[in-house]
Amino acid sequence: MTNEIIAKFQDWWNQAKADSSLKHKGAMCVSTIDEFGFPNARFVDLKAATEDGFTFCTFLDSKKGLEIEQCQKVALTIWWENVGYQTRVQGNASRISRSMAEKYWKSRNRDAQLTTLCSSQSQPLLSGQQLLDQLSALRASFGEAEIPIPDNWGGYIVEPISVEFLTFSEDRLHLREHYFHSAGRWNRQLLQP
Ligand SMILES: Cc1cc2nc3c(=O)[nH]c(=O)nc-3n(C[C@H](O)[C@H](O)[C@H](O)COP(=O)(O)O)c2cc1C
């Protein structure tokens with residue numbers, strides 16, 4: 001990604017974070033493609049945005065994880081209501097390294113780590129109580145010991161091929177700046193609202 005794009009994204013994200021009552025300031029919708037060609041969209045926490053791409057963490061064997069293994073083409077959508085900015089990204093997702101995943105794992109609080117350990121994300125839930133029982137058993141068995149990163153937990157980085165920045169306008173004349181990668185370079189165009 002060019003410096004120009006990442007700098008703009010960082011600037012917008014900082015503005016959104018600075019003046020917001022939102023609790024989840026990194027909430028980002030990730031769309032993947034299922035085996036029938038249907039898009040599947042859900043929110044995750046954006047962990048980092050760098051020149052290499054956009055990183056989020058999840059279970060590698062969740063629905064989204066399995067879908068990404070089949071089709072790396074994903075879309076990211078973010079709406080920052082307090083500043084009126086929307087960002088849309090298309091790109092290719094790949095797994096982050098184990099050492100990066102461990103870094104993010106260590107940044108999670110203990111409760112989140114324990115919950116992650118006892119959940120088989122995206123699988124049918126037979127009993128909520130069973131999950132709670134599992135959680136307290138895990139909490140007791142780990143005590144104060146360090147909780148290791150599960151093999152099926154990690155993250156993805158999305159390397160963009162297209163990024164669109166939309167500045168919302170009440171009169172609906174939104175400003176749309178579209179950056180797209182083509183013929184080996186990044187191009188910029190404005191789009192009609
Ligand atoms: C604000 C918000 C943040 C979330 N962050 C994450 C996240 O970082 N990673 C994750 O796996 N799920 C996260 N979730 C839960 C996902 O939306 C989703 O339910 C879960 O990942 C399972 O999706 P899947 O079955 O399509 O794989 C978040 C949900 C919300 C509402």
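We count ligands from 1, going down the list as the structure has it; atoms in each ligand are counted the same way.
Two rings, from Phe54 and Tyr156, have their centers 6.0 Å or more apart. Aromatic rings from Trp12 and Phe165 are positioned such that their centres are separated by under 6.0 Å.
Using modelled atom types, no side-chain atom of Asp11 and backbone atom of Ala7 make a donor-acceptor pair closer than 3.5 Å.
Judged by distance alone, the side chains of Gln121 and Lys64 do bring a donor and an acceptor atom under 3.5 Å apart.
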Inventory of protein N or O atoms under 3.5 Å from ligand 1 N or O:
residue: ligand 1; atom: 5 (N); partner: Asp45; partner atom: N; Å: 3.3
residue: ligand 1; atom: 8 (O); partner: Asp45; partner atom: N; Å: 3.0
residue: ligand 1; atom: 9 (N); partner: Cys57; partner atom: O; Å: 2.9
residue: ligand 1; atom: 11 (O); partner: Thr58; partner atom: OG1; Å: 2.7
residue: ligand 1; atom: 11 (O); partner: Gln121; partner atom: NE2; Å: 3.2
residue: ligand 1; atom: 14 (N); partner: Phe43; partner atom: O; Å: 3.2
residue: ligand 1; atom: 17 (O); partner: Phe43; partner atom: O; Å: 2.6
residue: ligand 1; atom: 21 (O); partner: Lys64; partner atom: NZ; Å: 2.6
residue: ligand 1; atom: 21 (O); partner: Gln121; partner atom: NE2; Å: 3.1
residue: ligand 1; atom: 23 (O); partner: Lys64; partner atom: NZ; Å: 3.3
residue: ligand 1; atom: 25 (O); partner: Ser122; partner atom: OG; Å: 2.6
residue: ligand 1; atom: 26 (O); partner: Arg42; partner atom: NE; Å: 2.8
residue: ligand 1; atom: 26 (O); partner: Arg42; partner atom: NH2; Å: 2.9
residue: ligand 1; atom: 27 (O); partner: Ser62; partner atom: OG; Å: 3.4
residue: ligand 1; atom: 27 (O); partner: Lys63; partner atom: N; Å: 3.3
residue: ligand 1; atom: 27 (O); partner: Lys64; partner atom: N; Å: 2.9
residue: ligand 1; atom: 27 (O); partner: Lys64; partner atom: NZ; Å: 2.9
residue: ligand 1; atom: 27 (O); partner: Ser122; partner atom: OG; Å: 3.3

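Taking Ile, Leu, Val, Met, Phe, Trp and Tyr as members and joining any whose side-chain heavy atoms lie under 4.5 Å apart, directly or through other members, the hydrophobic cluster of Phe38 also contains Phe36.
Transitive grouping of hydrophobic side chains (ILVMFWY, heavy atoms separated by less than 4.5 Å) keeps Val74 and Trp79 in distinct clusters.
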